[in-house]
Amino acid sequence: MAGKTQLLKVVILGDGGVGKSSLMNRFISNKFDSQSFHTIGVEFLNKDIVIDGHSYTLQIWDTAGQERFKSLRTPFYRGSDCCLLTFGVDDVQSFHNLNMWKKEFLYYADVKDGDSFPFVVLGNKVDVPPEERQVTADEAKLWCEANGRSPYYETSAKDAINVDEAFTAAVKLLLKMEERVEMRSGYTDTVNLHKNRSRKDHCQC
Amino acid sequence: MVRVFSCHNFTSQQVFSTQSEPIALCCAGNIVFVSTDVCNIEIYTIGEKNCQLTHRFNTIALVQQLLYNEQGNYIATLELKTTRHQPVTFVRVYFNWQTCTTQQPTRARVAGQSVRWSETTANILEVVELPLKESSKHIASCNKTGNLIVAMGTTLNLFYHCSKTLGSSSFVYSDFEQALVINIGFNILEVAVCGDYIASISKSTIRVIKLVWSKQHGPERKRSSYQVFQRDHSTGSVDTYEGDNSFDSNPPIDEDTETPNRSAAVSPWQQVVFNDLYVGEEYEVPPVDDDDYVLWDFSTTLHSKMGDVISPACVLQEASLTDEKDEPVEITGPVETVAGQPITVEWTRKYKTRPLISSTTILYKCCKFPGDATEQYLHSLKLLPTYQKSSRRDRLVGLSCFVSGFHEGFMYDVYNCDCTLLSTYNYTAKSKLVTTTDSLLHAVTHNGVETYTIRKMAAALVQINEPSQNLAIPPATADICLIGFRQFFDITAVSAADNFIILVSKAMDSPSATKNWSIYALEMQDPIALYQDMLQLAARYQVSNSLAYQQLLTEAYLLIKSSVYYEKHQTDSDKLQELIKNCCALLGHHYARDSGKECVLSIPYYKMSGLCLPDIVSNHKQDIKIKESCSRYSGLLHYMDSVLFTPTSDDNINEETSDIILEIYNTYKPTKLSEVILVSNLRQYSDEKALLMLQSNSTHRDEKRTLEKCHSLDCVATSILYLRMCEPEAACSVLMSMTKDAITDVFVQHHHLLLDDNKAGLSHIGQLLRRHRADVLIEILIHLHDNNSIDMDRALDLLDINVGELHHNTHIRNYLEALISANERESIYPKVLELLLRIYLDRLNEQSEDPFAGSPAKTHPHSHVLRGDGHFATRYIWLDELPPFKGSRSLGQQCEHAKSQSFPRASSPLGYSRSTSPHSFTRTSLPQSITHGVTRIANEPCPCCCCNEDLLKLQSLLCWKSVAQETTQKVLSSLVKTMKGFISLELLCQSRLNITAANEIIVENYPHLILDYANSMALWESANHYVALLQMLLAKVNTEGSSMAYNTEDTNSVYMDQFEGVLSVVVELLDPVSLLTLLPSSGSCSFFLPYIERCYKKYKAEQLKEEIIQLVK
Ligand SMILES: Nc1nc2c(ncn2[C@@H]2O[C@H](COP(=O)(O)OP(=O)(O)OP(=O)(O)O)[C@@H](O)[C@H]2O)c(=O)[nH]1
Ligand SMILES: [Mg+2]
């Protein structure tokens, strides 16, 4: 794929109302709408970005955070290159649910080697007044540290804080992770076969 | 065999380039969909001048293959995504592609999941992913049903395309339901689907099957509250889906019978969809308390949960052989199974009540191909349907299946499960890709694009045309033609739009930094222009190579026919229809000149051309005058026969044309000439010319000594022409030269020749025949009566029943006599009898006034004594003893008239024997010497049969077994005492009306005939008649005995003899007591005793017999 634009699939997950759609809108069209609706199902949009002189197309998948839409969103985790786990800094429950989101993602994305998958954690709505804030940066960082040292970004879709940075960081992380995977195992058919088999085994359990 | 006629050129070429490197493409109408390597699809509209990018949308992954479906208005893709170095394939369907932009989000869902966003806008680009667990190789869709089929390994997954709505909302959305899993048994590389027909290929094997729906269903369940809709995309309206027992809009039963039993064909879809589609669908994930608890609900599509395998037991027992065979095999169906190649058809688990479904194999072909066995040999699989448009729904009328190998392509007709190889395409170089339009095939080889004709239309025409219309259909298996070649290199993809062939060309070895690809839109030749080019080329071959000429005409015809049928050029419809007619006319002319087996095709082609006979004749006039030796004009003759001898077509053909037509027959089919003159619709030819032709013809014929039968028709024709030209003598002499049988044959076959134009009277030839060959005419009329051509009343009219006196009309008498002489005509006896009796009585009456009237003068040996043909029964023998006969001998004796002098009799031209003429003649001009004799004879009539023909016949008629009483009554009342044979006639009548009276006559006047008379009476089987006669005789004997004085001894003994004779009969019939009461008390004992004894013995014998029978019982 040298010389060609690489398509990267990025999935944004997180509880309903944490601001996933708002983050995507801010990133893609640099807009914010305070009157947004809950997302139903899944939608995606593409955005081209250049990192270190290489161009990439980010295929950003916005999902419905509400529990009742689980069956609609999970089929589209497969083939993801990166996952943004999002919570609202003003919503402690959404922070607690990150565990569930990560687990759900790894299961449906059919990712075997969860440790080497690039997750980026976003604490959104940092623009809220301090008194409404329920999750501190330290709490969040602690969780990230415990979860594969995922990078953590405090963002605001409303005020356009850290949004582009977070997405760029996600891509960089992904590239780094890929490199690491390449170095660790190389891609030989043997490995692929092994992987296939292990997946099948898993299914039969 | 492929013929090469270079006549096709692409009219224009546009080149454009996609923004990113193209991977795959497809077309719909004149829209081109190109997938590129940056995960998007670019949509171009090709116009006359330029190709315009109208839409572009992002796909989720790299599109390897894409297709557009008309019915569902969707773009289906086979996508490849490599994530973390693992390639994964997806099959996705994009809806609302017209409204798409790259700026709007694309909504995604999985097929079969119920949609929750009914409230929000429906018009954003939507992608539906098919739930597949294995890697897919190829996809195909059916343009009529919208169904999608996915090839994965050795199986095919059929997804049913449907429209759904949620509950009470009006939000309708398209969806797919995985319905069937079909295991083909080999690794499928390409697939095609059309209704229930499915074709698939592996590297070197092709298999075409048809799904067979059984009417058996599982137990029916209650309907769910969901409704399923089939969206009508053309009108935008939504109707409740009413499918048939098939994937196809045209169920299999419809192909065979015109009126399918709709109620019997319950839609399997309707049933399965209503009953089971959403079973287990409306679950909600239970609240997740435990972090480790995961409900994985994707399992509904797992193969382990598939429905039962439904396939014939024999298939299950079969073991699958190896994928690729060593030996080439071809099996053309329909066959249920292919040994070693079982197929299974399974419903997915969702469908719980489903009709049994199996498959029929239409084609199984394993090719042996040259070269590397790892290479893919077969490619470009296609199913090419032809539908007949109708208001209710389109009917599938043709289905061809195409598949290509490296160097040759094969087109099969697979319609209705019958498999026929239509054409083999031998390319000039190794092929890579093939695309087809409705009338042409474009094969991409290493060198360029080769354009061939196809036979899809020809194969479908057989179904489209009503057999009753007798239209010509070019044979679908006829050789195809290579009609064009265009050089191209590095073509990687090809697709056919409406008016364009779209090619993707990629230079493989150019530096990758630059754009090394281009897309070509080659504008196809307008059918009209191509048609004209074909005809131009054909014209060059017309003289030198008639086969090539014919082939090009046929190609041109099929080309135009296809463009009309497939409705691509509606605006030119009239013009195209005109061209079809022109082409038919040319084909008609071609076959007209032909003499081979196919020459009869001139008839349907001329019919389809709309030309009339004069047009056609004038077209050939020039050639015919030259008398080309190479053309035999058999086709033209067939056509002319069909027009000239069809009663309904009343072409008003003028004299000039008529003469040419006769000339054509005279030259090319002289044996038919007279028939054309006599019996065809042709009227206005010149009689002189026709006569000349016939005469020259007959001299030819005499030399060649051809059949007598044709000759006799020629003679009749000649005679008729003479009559028309007012030369009756010549006409007569021709007629007289013919044998009776010859004349009869002709007129029995062509009886209308006897009738005049109003069909009221005899034609001129009929009259000529009556005058000179009356006997033949009567015979002909009898034949015609028997074959129901001319009934009796009509014949009597023709013979002038209403002119003159009936009993003088010999022809009528002869005709009637002939009619009544055969048992087969018993049904018309009463009518004939009435007339004949009148005739005979009138004649007898007349003869009583003039003894010479009606006496023929025949000298040659003959007999008028009738032997009992038909109604003419054998006369009773005692009639010969009654006057005027003097015993049976007297009948055969030579006529006394003839003995004395056979005087000349003038017979009237029309056969009347005018009563006045002989009458006055005898009275006035007989020589004195004879007059004496005549007088003598007049006093005592001649008893010969000739002089008593009428009497003999009348007696014979009355002797028939079952003459009605009214008839005899009528005869009796018309009898005149002076009539010859009066007494015999009276006796015959009375014997049926009043036996006593008859008995009295015979007893009084002809006692010596009493016994003969009594025995001849068939009626007299009962004793009563004999008893009555006996009593009458007894009385007679008594009186005779008492009045001996004036009776001779002779007379008395006669009576006694007869009395004894009658008594002998009576004795046999009566019992002793009855006999005794009958006998006179004064009778002589010695005389009667023997009789009484005989009677008693007989009586006793009978009694004994009774007793024995009784005992035995
Ligand atoms: N103050 C503030 N409000 C925000 C921010 N981002 C989003 N919101 C608001 O949060 C609400 C929910 O935002 P969405 O983007 O719809 O949330 P979501 O995660 O997409 O929710 P689901 O689609 O239901 O999963 C909206 O009212 C937004 O205006 C932010 O950065 N700051
Ligand atoms: Mg949202």
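All of these numbers come straight from a predicted model, not from anything done at the bench. So that the names make sense, note that chain A is the first sequence line, chain B the second, and so on, each numbered from 1.
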Rounded distance (nearest 0.5 Å) linking atom OG1 of B/T106 with atom CG of A/N46: 7.5 Å
Gap between atom CZ of B/R107 and atom CG of A/D62 - 0.5 Å precision: 11.0 Å
For chain B, the option from A/R73, A/K47, A/E43 that forms the most heavy-atom pairs under 4.5 Å: A/E43
Neighbour count >12 (heavy atoms, 6.0 Å) for atom NZ, A/K172: no
Check: B/T59 main-chain N/O paired with A/Q59 side-chain donor or acceptor under 3.5 Å: yes
Non-hydrogen atoms of A/L7 and B/K81 that approach each other most closely: O-NZ, 4.2 Å
Minimum heavy-atom distance B/V127-A/F44, with the two atoms named: CG1-CE2, 4.2 Å
Shortest non-hydrogen contact between A/L72 and B/Q113, atoms and distance: CD2-OE1, 3.1 Å
Closest non-hydrogen atom pair between B/Q104 and A/L45, with its separation: O-CD2, 3.2 Å
Interatomic distance, A/K9 atom NZ to B/C39 atom SG [nearest 0.5 angstrom]: 11.0 Å
Closest-packed option against chain A by number of heavy-atom pairs under 4.5 Å, given B/V38, B/N40, B/N58: B/N58
